[in-house]
Amino acid sequence: MTRLGSWIEPSQEGIYVRPADAWVDPSVPKLRALVTHGHADHARGGHGEVWATPETLAIMGVRYGEQTGRAVAYGETLRVGEVEVGFVPAGHVLGSAQIVLDYRGERVVVSGDYKRRDDPTCAPFVPVPCDIFITEATFGLPVFRHPDTGSEIDRLLHRLHSDPSRCVLVGAYALGKAQRLIAELRARGHHDPIYYHGAMERLCRLYEELGVPLGELRHTAEATKQEMAGHIVICPPGSLNDRWSRRLPDPVTAMASGWMRIRQRARQRNVELPLIISDHADWDELTQTIRDVAPKEVWITHGREDALMHWCMTHQIKARELNLVGYEDEDE
Ligand SMILES: [Zn+2]
Ligand SMILES: [Zn+2]
């Protein structure tokens with residue numbers, strides 16, 4: 001008998017699916033790429049053809065120019081070479097998908113990045129029972145338990161309202177986190193204009209074009225210092241401490257990231273108000289997901305794999321570390 005999943009070949013350049021002659025999330029240009037989602041560590045430019053959800057193709061279009069390839073809707077199944085390929089929601093960012101691969105009676109699910117909690121900007125994760133579940137482990141340690149998102153949003157609003165002469169400047173990754181933060185604020189009843197750094201503009205517009213309403217957004221370059229007092233301003237994490245922020249009214253520095261659980265990381269960025277809002281599964285979500293999809297084997301792409309390897313072994317599931325390089329998850 002051949003080894004389970006012998007037709008899947010993880011390598012430094014991504015996950016090669018031999019009977020489809022296609023790569024999942026390759027880190028270098030390939031003739032045929034199946035892409036889970038638009039974050040730069042998974043979606044690179046320069047592939048021959050890209051198979052991805054329409055939203056992911058649109059996001060890649062904004063970043064790298066128009067893509068040649070095939071848009072695959074959630075739930076649609078296609079044949080690529082000798083493999084049946086399906087895209088199923090991963091709940092990570094708009095358009096994010098798990099890729100379901102069926103070949104000769106074996107099912108492999110490549111989850112990409114994912115989370116299990118509600119996100120008003122994207123379709124929720126769908127667990128798909130499989131033989132091999134290929135997962136990330138960005139927050140694969142029991143210390144990582146993300147708090148309730150609503151209570152983090154409330155802390156942000158409380159801080160904003162406590163001093164109307166200042167603004168709260170929130171660092172958030174430009175794809176996914178920024179739009180989710182805005183949508184979560186709206187869901188919590190905050191309908192004031194939100195100001196954004198110019199780097200956020202194209203992706204916020206795209207989200208709205210793709211049917212995710214974000215309310216009234218204004219460009220910081222078109223506002224006076226005074227107008228922004230008492231408001232929320234969103235910028236990429238890299239702009240939190242740069243010269244650009246000097247034109248803001250005495251900003252309270254905040255950041256929305258799962259990494260804000262680690263005080264050291266908040267201090268490094270001079271973050272006064274760390275908000276633990278993550279687009280990745282925490283420890284409980286990782287282990288619950290493995291229970292839900294009940295695989296014979298778990299393959300771990302990247303992150304903190306040791307504890308998850310151990311957890312799998314104690315639950316009689318074979319686990320394997322792939323140690324794929326190039327998946328950064330600073331995007332978190
Ligand atoms: Zn991602
Ligand atoms: Zn990632």
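Side-chain N or O atoms of Gln98 include one that pairs as donor or acceptor with a backbone N or O of Pro89 at under 3.5 Å.
Within the 4.5 Å cutoff, side-chain heavy atoms of Leu181 are placed close to those of Ile153. Contact check for Arg145 versus Asp284: side-chain heavy atoms found under the 4.5 Å cut-off.
Salt-bridge formation is detected for the pair Glu184/Arg180: a Lys NZ or Arg NE/NH1/NH2 atom is positioned less than 4.0 Å from an Asp or Glu carboxylate oxygen.
His37 and Asp113 form a side-chain donor-acceptor contact under 3.5 Å, judged by distance and modelled atom types alone. Counting only N and O atoms by type, the side chains of His146 and His280 include no donor and acceptor under 3.5 Å apart.
Seen from the ring of Trp7, Arg18 does not count as a face-on cation partner, given the 6.0 Å and 45° thresholds.
Taking the six-membered ring where the residue is Trp, the centroids of Trp23 and Tyr16 are separated by under 6.0 Å. You'll find the ring centres of Tyr74 and Phe87 outside the 6.0 Å limit. Centroid-to-centroid, the aromatic rings of His197 and His219 stay 6.0 Å apart or farther.
Annotation: Glu66, atom CD; neighbour count of heavy atoms from other residues, nucleotides and ligands within 6.0 Å does not exceed 12.
Take Asp119 and apply the side-chain hydrogen bond (donor to acceptor under 3.5 Å, both in side chains) test, not counting sequence neighbours, and it matches Lys115, Thr121.
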